[in-house]
Novice: 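If you scroll down you'll find the structure; I have some questions about it.
The figures that follow rest on heavy atoms only: side chains count, while hydrogens, waters and symmetry mates do not. The model shown is predicted, which means the values in this text are computed figures rather than measured ones.
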Amino acid sequence: TGVYGVAVERARATEGDSILAIARAHEAPRAARAIELWWRDVPDAFSVMRDAAGEVTGFYIGADLRSLQGRMPESDPVVVQLQRHLRKNPLAGRDTAFFLRRWLGKASGESPSPVQAACWLDVKRSHLGLRPRIRRCYGAMSDIATFAPMLRDVGFRIVEGAGLTIDGIGFELMMLDFGTESFDGWLSELVSDELRVERENIVDLEARELVREGERVGLTPLEFGVLAHLRQYEGKAVSRAELLDQVWGDRLNSGSNVVDVVVRALRGKMGNRSRMIETVRGVGYRFRSGQRSQPED
């Protein structure tokens with residue numbers, strides 16, 4: 001019925017008192033203490049929401065996990081659970097994740113509000129900035145009954161075994177895996193589902209098979225690795241050296257022509273979709289969906 005203006009910006013060094021006052025008003029003592037440690041150790045991970053008068057009406061803690069390495073408060077119970085999950089499920093290669101540690105509004109705490117909506121919109125802006133390297137998003141919350149149903153609709157799942165209790169209040173760690181095509185692939189899936197449009201899918205990631213006009217064709221581990229990596233960085237030129245590093249690991253040197261051999265075999269299996277893998281002369285290869293005619297080498 002109206003407009004509620006909220007600006008989101010990086011927190012200033014002078015806004016610590018406002019941020020911590022909000023935390024103490026809505027968090028139990030140990031949880032508030034964890035936020036104090038974050039402000040002490042990682043102040044650049046804080047963003048604030050401000051009203052039209054410039055007053056701080058909320059804040060969130062969130063950042064690219066690569067930028068947080070070695071700086072997160074190790075005594076924070078949520079960080080302990082996050083690190084445990086990452087050890088069991090490490091990010092591959094250049095992939096990264098966004099960690100939304102906490103959001104709180106001055107008037108409504110964690111509960112849904114225009115301030116919280118502004119926070120989430122800014123987090124999505126951060127996701128866009130991390131493309132195509134972003135693979136996951138983690139978030140911690142206590143009101144799981146309110147948020148889990150809406151978050152499940154966009155792909156979030158509760159991390160099993162990562163639940164914890166702080167001063168008698170339960171928290172859950174939730175995770176969204178964007179998939180091998182990163183944020184763009186996830187967004188395309190959402191749009192396709194919303195519009196009831198069937199999105200062409202040439203590979204079954206779980207079965208590791210090529211889907212070709214209703215038929216399934218088996219892929220070797222190297223063929224699957226090359227195709228999955230090229231699709232993850234669709235539209236971008238990927239060098240042979242990068243493919244060797246990400247798919248072969250340390251088993252071969254960058255002077256080998258094995259990448260070309262695998263791509264040739266992969267194109268043969270793709271049939272009339274082989275042109276999706278374009279040759280970038282002097283560099284490597286690029287994946288573009290929708291290309292159907294035969295490739296030119």
Side-chain angles (χ1 to χ4, degrees), residues 8-50 56 58-105 109-110 116 118-142 156 159 161-167 169 171-178 182-183:
V8 186
E9 298 177 340
R10 287 294 186 188
R12 302 166 186 161
T14 57
E15 293 173 326
D17 289 344
S18 298
I19 290 169
L20 298 181
I22 293 172
R24 293 173 189 136
H26 294 283
E27 299 280 74
R30 284 185 61 213
R33 174 58 179 160
I35 292 175
E36 291 176 11
L37 294 175
W38 274 87
W39 180 252
R40 183 196 69 186
D41 296 341
V42 205
D44 54 296
F46 283 74
S47 293
V48 296
M49 287 72 84
R50 297 192 182 93
V56 174
F59 73 90
Y60 78 84
I61 308 170
D64 173 4
L65 270 182
R66 300 293 190 195
S67 72
L68 294 174
Q69 283 185 340
R71 301 197 298 146
M72 293 185 289
E74 295 184 359
S75 61
D76 179 357
V78 176
V79 171
V80 172
Q81 296 293 63
L82 172 68
Q83 300 284 33
R84 183 176 298 164
H85 186 264
L86 288 169
R87 284 194 295 272
K88 292 181 180 179
N89 306 273
L91 293 163
R94 299 190 305 168
D95 289 350
T96 189
F98 188 90
F99 180 35
L100 178 58
R101 169 59 181 85
R102 197 68 171 123
W103 73 85
L104 291 171
E110 183 189 70
Q116 182 224 61
C119 158
W120 283 16
L121 187 61
D122 195 60
V123 168
K124 290 296 176 287
R125 178 197 57 77
S126 297
H127 290 168
L128 287 168
L130 291 172
R131 299 157 46 234
R133 297 184 301 110
I134 186 168
R135 177 61 189 261
R136 303 174 194 159
C137 177
Y138 291 93
M141 62 201 70
S142 61
F156 275 91
V159 176
L164 64 150
T165 301
I166 304 176
D167 287 341
I169 299 174
F171 284 81
E172 293 285 355
L173 185 66
M174 297 194 73
M175 182 194 71
L176 167 61
D177 189 330
F178 291 114
S182 190
F183 184 88

Novice: For residues Ala45 and Ala63, report the shortest heavy-atom separation together with the two atoms involved.
Specialist: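 Distance-wise, the nearest heavy atoms are CB-CB, 4.3 Å.
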Novice: Could you list the residues that satisfy ring pair (Phe, Tyr, Trp, His ring centres under 6.0 Å) with Phe99, not counting sequence neighbours?
Specialist: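 So Phe99 forms no ring pair (Phe, Tyr, Trp, His ring centres under 6.0 Å) with any residue.
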Novice: Do Tyr138 and His85 have side-chain heavy atoms sitting under 4.5 Å apart?
Specialist: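 SC-SC contact between Tyr138 and His85 confirmed.
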Novice: Could you check if a side-chain atom of Leu65 sits within less than 4.5 angstrom of a side-chain atom of Met72, using non-hydrogen atoms only?
Specialist: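 A side-chain contact under 4.5 Å exists here.
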Novice: Between Arg133 and Asp64, is there a side-chain heavy-atom distance shorter than 4.5 Å?
Specialist: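 Sidechains of Arg133 and Asp64: in contact.
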Novice: Enumerate the residue pairs fulfilling side chain to side chain donor-acceptor pair (under 3.5 Å) with a member in residues 27-42, sequence neighbours excluded, ordered by first and then second residue.
Specialist: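 Only Arg24-Glu36, Glu27-Arg102, Arg33-Glu36, Trp38-Asp76 qualify under side chain to side chain donor-acceptor pair (under 3.5 Å).
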Novice: Just so I know, are the side chains of Arg71 and Asp44 near enough to count as touching, which here means a heavy-atom distance under 4.5 Å?
Specialist: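 The answer is yes, as the side chains (C-beta and beyond) meet within the 4.5 Å cut-off.
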Novice: Grab the two heavy atoms, one from Cys119 and one from Met49, that are nearest each other, plus how far apart they are.
Specialist: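 The answer is CB-CE, 3.7 Å.
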Novice: Can you find a heavy atom in the side chain of Gln116 that is under 4.5 Å from one in the side chain of Trp120?
Specialist: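 Yes - at least one pair of side-chain heavy atoms lies under 4.5 Å apart.
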Novice: Does Glu15 use its side chain to pair, donor to acceptor, with the backbone of Val56 at less than 3.5 Å?
Specialist: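 Pair absent, no side-chain N/O of Glu15 close to backbone of Val56.
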Novice: Return the minimal non-hydrogen interatomic distance between Trp103 and Ala140, and the atom names on each side.
Specialist: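 In terms of heavy atoms, the two residues are closest at CZ3-O, 4.0 Å.
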Novice: Does a side-chain heavy-atom distance below 4.5 Å link Val80 with Leu164?
Specialist: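 Answer no - side chains too far apart.
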Novice: Roughly how far, to the nearest 0.5 Å, is CG of Leu20 from CD1 of Ile35?
Specialist: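 These two atoms lie 8.0 Å from each other.
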Novice: Please give me the minimum heavy-atom distance between Leu173 and Ala162, naming the atom from each residue.
Specialist: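 So the minimum-distance heavy-atom pair works out to CB-CB, 4.0 Å.
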Novice: Give the minimum heavy-atom separation between Phe156 and Met174, together with the two atoms involved.
Specialist: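 Nearest heavy atoms, Phe156 then Met174: CB-CE, 3.9 Å.
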Novice: Can you measure from CG (Leu176) to CG (Leu100) and round to the nearest 0.5 angstrom?
Specialist: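 So the CG of Leu176 and the CG of Leu100 are separated by 12.0 Å.
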Novice: Please give me the minimum heavy-atom distance between Cys137 and His127, naming the atom from each residue.
Specialist: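 Looking at all heavy atoms of both residues, the shortest contact is SG-NE2, 3.5 Å.
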Novice: Step by step, would you call Arg125 with Val8 a side-chain contact (heavy atoms from CB on, under 4.5 Å)?
Specialist: CA-CA 11 Å; Arg125 178 197 57 77; Val8 186; over 6 Å; no
Novice: Side chains of Glu110 and Met141: does their closest heavy-atom pair fall under 4.5 Å?
Specialist: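 Yes - at least one pair of side-chain heavy atoms lies under 4.5 Å apart.
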Novice: Drop me the distance from Arg94's CZ to Ile134's CD1, to the nearest 0.5 angstrom.
Specialist: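 Taking CZ in Arg94 and CD1 in Ile134, the distance rounds to 14.0 Å.
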Novice: Is the number of heavy atoms from other residues, nucleotides or ligands under 6.0 Å of Glu9 CD greater than 12?
Specialist: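 Result for CD/Glu9: enclosed.
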Novice: With rounding to the nearest 0.5 angstrom, report the CZ to OG distance, Arg131 to Ser126.
Specialist: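 If we round to the nearest 0.5 Å, Arg131:CZ and Ser126:OG are 13.0 Å apart.
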Novice: To the nearest 0.5 angstrom, please state how far the OG atom of Ser47 sits from the CD1 atom of Ile61.
Specialist: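 Spacing of OG (Ser47) from CD1 (Ile61) equals 10.0 Å.
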Novice: So do Phe183 and Leu130 actually touch side chain to side chain, heavy atoms under 4.5 Å?
Specialist: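 No, their side chains stay 4.5 Å or more apart.
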Novice: Might you work through the side-chain contact (heavy atoms from CB on, under 4.5 Å) test for Asp122 and Tyr60, ending with a clear yes or no?
Specialist: CA-CA 10 Å; Asp122 195 60; Tyr60 78 84; 2.6 Å; yes
